[in-house]
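The structure under discussion appears below in the form of structure tokens.
Naming convention: chains lettered A, B, ... in sequence-line order (proteins, then strands); numbering from 1 in each chain. Values in this document were obtained by computation on a predicted structure and should not be read as measured data.
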Amino acid sequence: MTYNFNDIEKKWQNYWATQQTFKASNQSDKPKYYVLDMFPYPSGAGLHVGHPLGYIASDIYARYKRHKGFNVLHPQGYDSFGLPAEQYAIQTGQHPAVTTETNITTYRRQLDQIGFSFDWSREVRTSNPEYYKWTQWIFIQLFESWYNNDTNKAEDIKTLISKFETEGNTNVNAACDDDIAPFTAAEWNNFSSEEQQDVLLKYRLTYLAETEVNWCPALGTVLANDEIVNGVSERGGHPVVRKKMTQWSMRISAYAERLLQGLDTVDWTDALKDIQKNWIGKSVGASVTFNVIPAVSSSAVETSHKIDVFTTRPDTIFGVSFMTLAPEHELVSKITTPEQKEAVEAYIEKTAKRSERDRMADVKTISGVFTGAYAEHPFSKAPIPIWIGDYVLASYGTGAVMAVPCGDQRDYDFAKHFDIAIPNIFEGADISEEAYASKDHVKIANSDFLNGMNYKKASKRVIFELEKLGQGEGKTNYRLRDAVFSRQRYWGEPFPVYYVNGMPQMIDQAHLPIVLPEVEKYLPTEEGEPPLGRADVWAWDTNQCAVVSNELIDHKTVFPLELNTMPGWAGSSWYFFRYMEDAANRDGVFASEDALKYWENVDLYIGGSEHATGHLLYSRFWVKLLKDRGFVNVEEPFKKLINQGMILGTSAFVYRDESNPNLYYSQGLIEDKNVLPIHVKVQYVNASDELDIEGLKTDGEFGEDFKDAEFILEDGVYKVGRDVEKMSKSKYNVVNPDSICADYGADSLRLYEMFLGPLEQYKPWNTAGITGVHNFLKKLWKLYVNDNSLKVNDAEPTKDNLKTLHKTIKKVQEDIENFSFNTSVSTFMIAVNELTQQKCTSKAILEPLLVLISPYAPHIAEELYSKLGHTESISTAAFPEFDASHLVESSKKYPISFNGKMRFTLELPMDMSKDAIEKTVMAHEKTIAQLDGRTPKKVIVVPGKIVNIVG
RNA sequence: GCUGAAGUGGUGGAAUUGGUAGACACGUUGGACUUAAAAUCCAAUGUCCAUUAGGACGUACGGGUUCAAGUCCCGUCUUCAGUACCA
């Protein structure tokens with residue numbers, strides 16, 4: 001019997017599918033465990049070997065947990081709304097739903113052939129109306145909520161309305177827009193309906209607001225920052241303008257503090273938590289208002305101007321010797337004196353050309369211009385010169401800084417450069433070379449009422465005094481901005497929203513889903529409206545409660561529907577709850593109370609760190625909202641999170657002579673010739689970096705290019721150059737799992753992906769190495785069966801057999817629990833090598849070994865397990881118990897070191913005393929030879945570990 | 001700039017609380033089997049010196065602590081990722 005992996009794998013994949021082996025139950029005596037992979041987008045290119053890395057890891061863990069007696073939920077589905085399908089639709093006219101369906105079919109086939117233990121019965125697709133019905137429903141919940149800062153949670157908007165009706169808004173402490181005028185209960189009750197709706201929008205957790213976007217008229221679309229290169233679109237090079245658009249926003253900023261605090265309760269890597277912490281960007285300090293001193297030279301009537309700044313160091317307020325505004329600050333043009341006008345304008349023009357990134361990265365170049373204006377110090381009343389400088393950015397804080405050169409290095413550098421005074425307000429600090437930026441061990445001096453105080457005390461006092469003056473207050477600032485939620489796209493969730501007199505109205509949940517309408521083209525309209533502007537049947541009839549033809553719009557009972565769609569992150573912000581419910585029971589709810597209660601949250605979440613500030617932050621936000629409103633019980637969706645690294649490609653190059661395009665030199669022959677490296681498909685390169693020239697010349701795609709090529713060989717072969725790059729079609733280094741599964745089998749692929757290195761690390765793929773794990777599987781097979789029969793028998797296991805087995809149990813269990821999958825693969829290899837050497841045939845050893853290997857290589861494990869006489873799947877067999885007694889050694893091979901360097905080893909009994917060890921070692925001939933007559937100064941003996949002789 | 005991670009043979013990587021550096025593989029070399037190839041099996045394989053015995057060096061670099069450092073401490077460099085001066 002040979003190891004016929006293709007047949008074996010197909011057989012067990014069919015078995016698992018027909019037997020529903022991995023279907024999870026919502027009722028079980030076993031403890032629950034929920035393992036989830038980050039939602040895949042089914043791209044048209046299909047999977048390459050890098051994609052399954054995380055899925056294999058999570059699958060090993062899920063299978064391990066089943067062996068350990070857990071009721072495991074391990075679902076999979078598709079984040080199937082998205083841009084690539086829409087792009088393809090624009091180019092070909094093919095409906096994105098069709099493209100998506102095709103891509104999912106490919107994706108599913110590829111996933112199935114790798115042997116994952118997914119519960120496919122619970123699959124979800126964000127683009128299915130039954131699914132996005134609930135995405136729309138959550139949107140409505142956001143709209144119907146406001147954030148009460150007093151109770152520190154979201155509440156029904158009705159509670160806000162009743163407050164308005166009885167006491168107005170002056171006592172309301174809410175997360176809201178900052179331009180809301182105060183009103184009394186009487187005023188509220190006299191507002192028109194539109195006025196009331198307008199006010200409420202400023203409090204709702206999702207609201208309409210004017211947002212600046214990067215608009216590209218030629219493409220008729222909005223572009224992300226990284227789609228713009230040097231001010232023009234990356235695709236096509238068209239001009240891009242800043243444009244204001246009315247869009248839905250999500251008031252995520254209301255949750256800034258809870259999103260930050262929640263990080264302390266989850267088991268994520270520090271790196272990931274740091275990214276979110278930085279993104280939320282909390283800083284505690286004070287806001288200070290500086291009054292601008294009206295310019296005497298100006299003949300125009302001066303209005304009084306104020307500059308608001310935020311500072312984390314209010315204690316240093318007496319160290320202010322100038323202020324710096326961002327060049328784009330709106331006050332700049334108003335306060336600049338005529339004398340300085342020319343210089344200021346020239347500077348503004350210069351900085352406008354620099355990208356924000358550029359301005360921020362460059363800390364060496366110091367530039368700025370004096371505006372000629374002065375502000376008044378709130379306490380000393382001294383005039384403070386106001387400068388502009390591009391190290392201050394308009395979009396951060398208030399776009400203005402109170403500069404304290406003695407305490408801030410950037411302010412210090414600026415002051416030195418422009419010869420501005422640097423008053424020292426720290427007792428005993430040396431500021432002759434650099435600023436003293438530390439908050440610790442400071443004693444404030446030269447600061448009037450703050451003298452002698454430390455940072456904490458002085459800050460508190462300043463805030464108190466500022467409040468007395470009405471020129472400031474204590475303030476906590478967050479960098480986190482509200483998230484724009486509208487997309488001018490077709491392939492996304494439609495909003496359940498229609499407009500009456502320009503005011504958004506929610507459609508009652510009884511009428512959801514509002515299904516994406518058909519359009520004849522997936523492009524924006526000529527008027528610049530989103531693609532849904534092309535739909536003919538896209539109006540809401542409030543009598544029929546149905547979507548009807550646009551022609552019926554009369555603004556009385558039939559109204560226009562929202563034309564934007566939701567962004568990609570909408571559907572992925574709650575999908576983990578949907579999996580909790582059996583597909584059969586999903587009709588009336590997004591997930592039933594029982595299901596939510598049973599599964600709670602995701603116990604293990606595996607995915608890439610690129611989602612750190614998108615998906616992982618937004619879904620935490622939505623979960624908190626759902627909890628506040630009583631729909632779920634958990635505050636955090638993902639208890640433990642592991643980031644997998646990326647598998648990189650190993651590109652191959654041939655070297656073309658620059659003067660003769662048909663001449664290629666082998667890698668070792670380049671020397672100082674002028675050659676051009678050209679990517680070639682990695683499939684034509686073997687493990688020794690040798691090129692298959694015939695294969696290359698007959699390649700369907702590029703063979704023609706090399707038809708007349710002459711390859712200059714070294715030692716009879718053409719050696720290619722190699723380099724590690726991201727796996728990508730354009731670099732011809734993509735390796736497809738289909739061919740790996742066909743050539744080596746899914747079990748080899750699974751083992752090899754793990755064997756490559758630590759899960760979280762970035763590492764290059766090299767197909768050549770897979771023969772190692774493939775040979776291992778063949779050896780494993782041979783341990784159980786020979787040419788025509790099963791070798792396994794009831795032989796009593798030997799001591800060595802037991803030692804090998806239990807050492808393996810211990811290591812594999814520790815490895816899986818530490819997500820150190822690469823080292824378990826080595827451990828399996830060692831175990832099989834040892835058992836082969838020991839000629840072990842004992843079922844008592846070989847059966848538990850299969851359970852250990854089954855999470856990693858499930859197909860071969862199932863096949864051999866059934867050969868051992870089992871009729872049930874191995875998937876729920878109990879994980880073998882580790883018994884330490886088998887590892888107890890009677891002797892130890894001591895390393896004998898001289899001055900810390902190991903010279904030889906000496907086998908001694910484990911129970912030998914320290915003195916006896918020393919005596920035996922000192923008497924040994926090799927020790928005497930090593931010492932060469934010298935007397936050692938000291939002999940260190942650590943029983944069970946090492947002997948070190950010093951001297 | 002800041003924050004985080006990392007730097008070990010030709011390659012991927014291993015090394016528990018400081019205790020035999022290079023496990024396990026790939027590749028390479030030599031051998032067996034074969035008409036031959038593939039497959040399989042066996043052996044060698046960090047670098048340098050040495051016929052051998054053996055020795056010297058060696059975990060990015062420079063210091064330090066220790067009987068003992070890949071591991072701990074200080075400094076430097078490089079790479080990758082995140083972030084963008086939050087005042």
Side-chain angles (χ1 to χ4, degrees), chain A residues 269-279 281-285 288 309-314 316 323-324 356-357 359-364 389-393 395-404 407-411 437 477-479 609-610 612-613 643 645-646 650 686-689 722 724 751-752 755-758 760-776 778-779 782 811 814 820 822-830 833 893-905 929 936-942 944-951:
Chain A
T269 60
D270 287 339
L272 196 60
K273 288 187 186 181
D274 283 347
I275 294 172
Q276 290 211 344
K277 275 182 198 160
N278 289 340
W279 192 263
K282 180 181 184 176
S283 44
V284 180
V288 185
V309 301
F310 176 79
T311 175
T312 52
R313 291 296 301 274
T316 62
M323 299 187 76
T324 315
E356 209 162 76
R357 295 219 158 182
R359 278 165 63 176
M360 293 181 288
D362 185 9
V363 284
K364 295 203 178 81
D390 65 4
Y391 76 101
V392 178
L393 298 173
S395 51
Y396 289 93
T398 59
V401 189
M402 61 171 225
V404 182
D408 182 287
Q409 194 56 44
R410 291 178 314 271
D411 296 344
N477 226 22
Y478 298 93
R479 190 178 85 91
S609 56
E610 69 272 18
T613 52
N643 285 130
M646 203 186 281
T650 310
N686 71 6
S688 310
D689 296 346
R722 310 224 72 163
V724 172
L751 280 173
Y752 189 52
F755 186 66
L756 278 178
E760 68 283 0
Q761 238 165 62
Y762 281 59
K763 57 232 160 199
W765 176 271
N766 189 347
T767 306
I770 201 171
T771 54
V773 295
H774 189 63
N775 283 339
F776 156 74
K778 287 200 238 172
K779 275 193 220 168
K782 283 189 195 159
K811 178 82 173 122
E814 283 170 3
S820 170
N822 54 326
T823 47
S824 334
V825 180
S826 305
T827 304
F828 291 139
M829 290 173 172
I830 293 167
N833 288 346
K893 213 175 186 185
Y894 278 90
I896 313 299
S897 321
F898 292 80
N899 297 319
K901 288 209 163 83
M902 206 278 286
R903 288 299 174 223
F904 62 94
T905 57
K937 282 193 202 120
K938 207 169 170 187
V939 180
I940 312 274
V941 178
V942 184
K945 280 250 165 91
I946 199 171
V947 176
N948 191 16
I949 298 161
V950 188

Could you measure between the two [atom1] atoms, the one in [N] and the one in [M], and give it in whole Å?
| N | M | atom1 | answer |
| --- | --- | --- | --- |
| C80(B) | G54(B) | C1' | 43 Å |
| A69(B) | U59(B) | C1' | 11 Å |
| G19(B) | G30(B) | P | 39 Å |
| U52(B) | C61(B) | C1' | 37 Å |
| U71(B) | C85(B) | C1' | 36 Å |
| U34(B) | G46(B) | C1' | 35 Å |

Could you tell me whether G9(B) is syn or anti, where syn means a glycosidic angle within 90 degrees of zero?
->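 That one's syn.
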If we call it a pair only when both distances are under 3.5 Å in a Watson-Crick or G-U wobble match, what pairs with [N]?
| N | answer |
| --- | --- |
| G58(B) | none |
| A43(B) | U29(B) |
| U83(B) | G1(B) |

Can you find a side-chain donor-acceptor pair between Tyr752(A) and Asn766(A) that sits under 3.5 Å?
->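 Absent: no donor and acceptor within the cut-off.
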Using a heavy-atom cut-off of under 4.0 Å over every strand shown, decide if Lys282(A) touches base, sugar-phosphate, or nothing.
->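 Nothing, no nucleic acid heavy atom in range.
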Mind checking Thr827(A) for me? I need base, sugar-phosphate or nothing, with any heavy atom below 4.0 Å counting as a touch.
->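 If one applies the 4.0 Å heavy-atom cut-off, Thr827(A) turns out to touch nothing in the nucleic acid.
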Name the closest nucleotide to the Lys779(A) side chain, picking from A25(B), C24(B), G19(B).
->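 The answer is A25(B), which lies nearest to the side chain.
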Rounded off to whole Å, could you give me the [atom1]-to-[atom2] distance for the [X] and [N] pair?
| X | N | atom1 | atom2 | answer |
| --- | --- | --- | --- | --- |
| Ile940(A) | U20(B) | CD1 | P | 15 Å |
| Asn643(A) | C80(B) | CG | C1' | 15 Å |
| Gln761(A) | G4(B) | CD | P | 19 Å |
| Phe755(A) | A14(B) | CZ | C1' | 10 Å |
| Asn278(A) | G82(B) | CG | P | 13 Å |
| Ile275(A) | A5(B) | CD1 | C1' | 11 Å |
| Met902(A) | A56(B) | CE | P | 13 Å |
| Asn948(A) | C67(B) | CG | C1' | 5 Å |

Compare every heavy atom of Asn477(A) with every heavy atom of Phe310(A), then report the nearest pair and how far apart it is.
->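 The answer is CZ-CB, 3.6 Å.
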Considering non-hydrogen atoms only, spot the tightest contact between Pro895(A) and Lys945(A) and give its length.
->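 Smallest heavy-atom distance, with atoms named: CD-O, 3.3 Å.
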Look at the side-chain N and O atoms of [X] and state whether any lies under 4.0 Å from the OP1 or OP2 oxygen of [N].
| X | N | answer |
| --- | --- | --- |
| Lys763(A) | G13(B) | no |
| Asn822(A) | A14(B) | yes |
| Arg479(A) | A84(B) | yes |

Kindly say whether, by distance alone, the side chain of Lys945(A) makes a donor-acceptor pair under 3.5 Å with the base of U20(B)?
->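 Answer no: no donor N or O sits under 3.5 Å from an acceptor.
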Heavy-atom side-chain contact between Ser897(A) and Ile946(A) under 4.5 Å |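 Of all side-chain heavy-atom pairs linking Ile946(A) with Ser897(A), at least one is under 4.5 Å.
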Nearest-0.5 Å distance that lies between atom CZ in Arg313(A) and atom OG in Ser283(A) |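 Between atom CZ of Arg313(A) and atom OG of Ser283(A) there are 13.5 Å.
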With nearest nucleotides of RNA chain B determined for Asp274(A) and Thr905(A) from heavy-atom distances, which residue corresponds to the more 5′ nucleotide?
->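 Final value for this comparison: Asp274(A).
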